[in-house]
Amino acid sequence: MASHSPATTGFENICRDIHGACDEPRRLSRLLAHRSPSERQQIKAVYRAMFGEDFVARLQKNLAADQDNELCNLLYLWMLDPAERDGIMARDAIESAMIDYRVLVEIFTRRKQEQLFFTKQAYLARFKKNLEHDLVTEPSHPYQRLLVALGTSHKSHHDEPSRHIANCDARRLYDAKNVSGTGSVDEATVLEMFSKRSIPQLRLAFCSYKHIYGQDFTKTLKKNLRGEFEESLRVVVKCIYSPSKYYCKLLQRTMQQPRTNKKLVTRAILGGDDVGVDEIKLAFKNNFGRNLEDFIHESLPQSDYRDFLWMWQGGQ
């Protein structure tokens with residue numbers, strides 16, 4: 001009986017199927033859309049061992065030959081390592097006619113500090129530029145200041161979030177919102193907090209805020225939006241506090257448009273990949289009272305791209 005290494009057992013057949021479908025995005029979607037991040041990593045390793053080539057590089061060639069094909073773009077990004085994927089998405093956001101800060105917020109809030117380090121390294125290796133330097137604009141934008149604070153956080157992400165610190169931070173947020181009596185937020189207090197807290201610790205602070213004051217911090221901000229900083233802060237807090245809710249709303253809002261922006265849907269799929277598709281589906285059901293799979297079928301015309309989305313959320 002032939003022996004198999006633990007790393008390859010169970011993936012040889014799927015890799016043969018993938019090899020035979022490399023130039024057919026629709027077939028690749030059916031083979032890959034439902035795969036977890038760890039399965040995709042194993043598939044890439046087994047594929048290289050079996051065929052002596054980098055599967056992602058093959059997907060990149062397909063994309064280069066058909067750059068307007070959003071399914072090819074999705075498949076390429078889907079199979080990249082998270083740090084490389086985020087680096088490419090960050091560069092695209094920065095090179096837009098107007099910097100797409102929301103993409104950058106999604107990247108910075110879904111990564112732990114040590115993971116964000118690898119994203120910055122991937123960005124430097126691919127584009128020969130420093131991500132944090134590329135964020136700097138004159139005059140500075142509120143999003144930029146919030147991102148720099150998150151990017152320089154020195155709070156260890158190996159520490160367990162502290163309920164005591166969360167309660168203290170919740171009260172500081174409340175005071176920062178009411179310090180001037182005008183409804184505007186004390187920016188210095190928020191930036192200091194963001195620069196010293198991990199994402200899990202900030203999330204716990206927002207939970208404490210709701211527990212103490214009876215409503216989400218985002219709703220407090222929404223009541224009296226005074227300027228760009230408050231509006232930017234509200235988006236950042238949404239991404240940190242409930243990423244599953246954020247991405248399910250991005251999916252719903254995008255697919256509901258008369259002409260669906262597939263790039264935005266791709267963004268939601270890739271962001272949701274880190275959150276977990278089951279969490280996205282549950283959030284969708286809770287927020288909109290319907291199943292995500294039903295909404296996909298009703299909102300998108302039949303296409304290979306819709307097939308990927310259907311397979312991603314668990315369809316057969």
Take atom [atom1] in [X]; do more than 12 heavy atoms of anything else shown fall under 6.0 Å from it?
X	atom1	value
Y213	OH	yes
H297	NE2	yes
K238	NZ	no

If only side-chain N and O atoms count, and only distance matters, is there a donor-acceptor pair under 3.5 Å linking [Y] with [X]?
X	Y	value
N69	Y305	no
T220	Q215	yes
S299	Q256	no
Q115	D86	no
Q257	R253	no

**Study point:** Carboxylate-amine/guanidinium contact R85 D273, below 4.0 Å
**Key:** yes

Does one hydrophobic cluster hold both [X] and [Y], with members joined at side-chain heavy-atom distances below 4.5 Å?
X	Y	result
F117	F108	no
L77	F118	no
I88	M79	yes
L191	Y174	yes
F288	L282	no

Which atom pair, heavy atoms only, marks the closest approach of [X] to [Y]?
X	Y	result
K222	R234	CD-NH2, 3.1 Å
E228	P142	CB-CG, 3.7 Å
Q42	F11	OE1-CE1, 3.4 Å
Q60	Y76	NE2-OH, 3.5 Å
S208	A166	OG-CB, 3.5 Å
L221	E230	CD1-O, 4.3 Å

[X] vs [Y] side-chain heavy atoms within contact, under 4.5 Å:
X	Y	value
M193	L173	yes
L28	F55	yes
L75	L71	yes
P200	E160	no
V148	E132	no
Y143	L104	no
M311	R306	no
I18	F51	no

Spell out, as yes or no, whether a donor-acceptor pair under 3.5 Å connects the side chain of [X] to the backbone of [Y].
X	Y	answer
N130	L124	no
T152	A149	yes
Q313	W310	yes
E12	G10	yes
E24	A21	no

Practice item. For the pair D23 and K61, evaluate salt bridge (Lys or Arg N to Asp or Glu O under 4.0 Å) and give the outcome as yes or no after the intermediate values. Key: CA-CA 10 Å; D23 297 324; K61 289 181 182 178; over 6 Å; no

Drop me the distance from [X]'s [atom1] to [Y]'s [atom2], to the nearest 0.5 angstrom.
X	Y	atom1	atom2	value
F194	T189	CZ	OG1	11.5 Å
I296	L309	CD1	CG	3.5 Å
L202	L150	CG	CG	7.0 Å
S162	L204	OG	CG	7.5 Å
Q121	L131	CD	CG	11.0 Å
H19	L31	NE2	CG	13.5 Å

Exercise for review: For salt bridge (Lys or Arg N to Asp or Glu O under 4.0 Å), just list the numbers for E187 and R145, CA-CA rounded to whole Å, side-chain angles, deciding distance to a tenth of an Å, and then say yes or no.
Suggested key: CA-CA 10 Å; E187 183 174 329; R145 300 194 290 276; 2.5 Å; yes

Sequence neighbours excluded and cut-off under 3.5 Å, please list the side-chain donor-acceptor pairs for residues 241-249, or say none.
unit_1 : atom_1 : unit_2 : atom_2 : d
Y241   : OH     : D216   : OD1    : 3.4
Y246   : OH     : E106   : OE2    : 2.6
Y247   : OH     : R110   : NH1    : 3.1

Check your understanding: Does the pair W78 and R40 meet the rule for a side-chain contact (heavy atoms from CB on, under 4.5 Å), with working shown?
Key -> CA-CA 9 Å; W78 185 244; R40 299 199 300 271; 3.0 Å; yes

**Study point:** Qualifying side chain to side chain donor-acceptor pair (under 3.5 Å) pairs, either residue in residues 277-295, two or more places apart
**Key:** R290-E298

Exercise for review: Please list all pairs passing the side chain to side chain donor-acceptor pair (under 3.5 Å) test where one or both residues lie in residues 92-103, with sequence neighbours left out.
Suggested key: R91-E95

Exercise for review: Evaluate side-chain hydrogen bond (donor to acceptor under 3.5 Å, both in side chains) for D169 paired with Y209, printing each intermediate quantity in order.
Suggested key: CA-CA 8 Å; D169 286 346; Y209 187 97; over 6 Å; no

Practice item. Start with the C-alpha gap between K44 and D81, add the side-chain angles, then the distance that decides, and say whether salt bridge (Lys or Arg N to Asp or Glu O under 4.0 Å) holds. Key: CA-CA 10 Å; K44 288 191 294 183; D81 291 338; 2.9 Å; yes

Practice item. Apply the test side-chain contact (heavy atoms from CB on, under 4.5 Å) to residues L251 and M255: give CA-CA distance (whole Å), side-chain angles for both, the deciding distance (0.1 Å), then the verdict. Key: CA-CA 6 Å; L251 274 172; M255 288 193 291; 4.3 Å; yes

Exercise for review: Give the intermediate values and the outcome of side-chain hydrogen bond (donor to acceptor under 3.5 Å, both in side chains) for residues Q302 and D307.
Suggested key: CA-CA 8 Å; Q302 174 61 47; D307 286 348; 3.2 Å; yes

Exercise for review: Take F295 and F284, measure what ring pair (Phe, Tyr, Trp, His ring centres under 6.0 Å) needs, and give me the verdict at the end.
Suggested key: CA-CA 10 Å; F295 188 76; F284 198 95; 5.3 Å; yes

Exercise for review: Take V190 and F229, measure what side-chain contact (heavy atoms from CB on, under 4.5 Å) needs, and give me the verdict at the end.
Suggested key: CA-CA 10 Å; V190 172; F229 182 77; 4.1 Å; yes

Exercise for review: Given side-chain contact (heavy atoms from CB on, under 4.5 Å), test I43 with V46 step by step and report yes or no.
Suggested key: CA-CA 5 Å; I43 285 169; V46 175; 6.0 Å; no

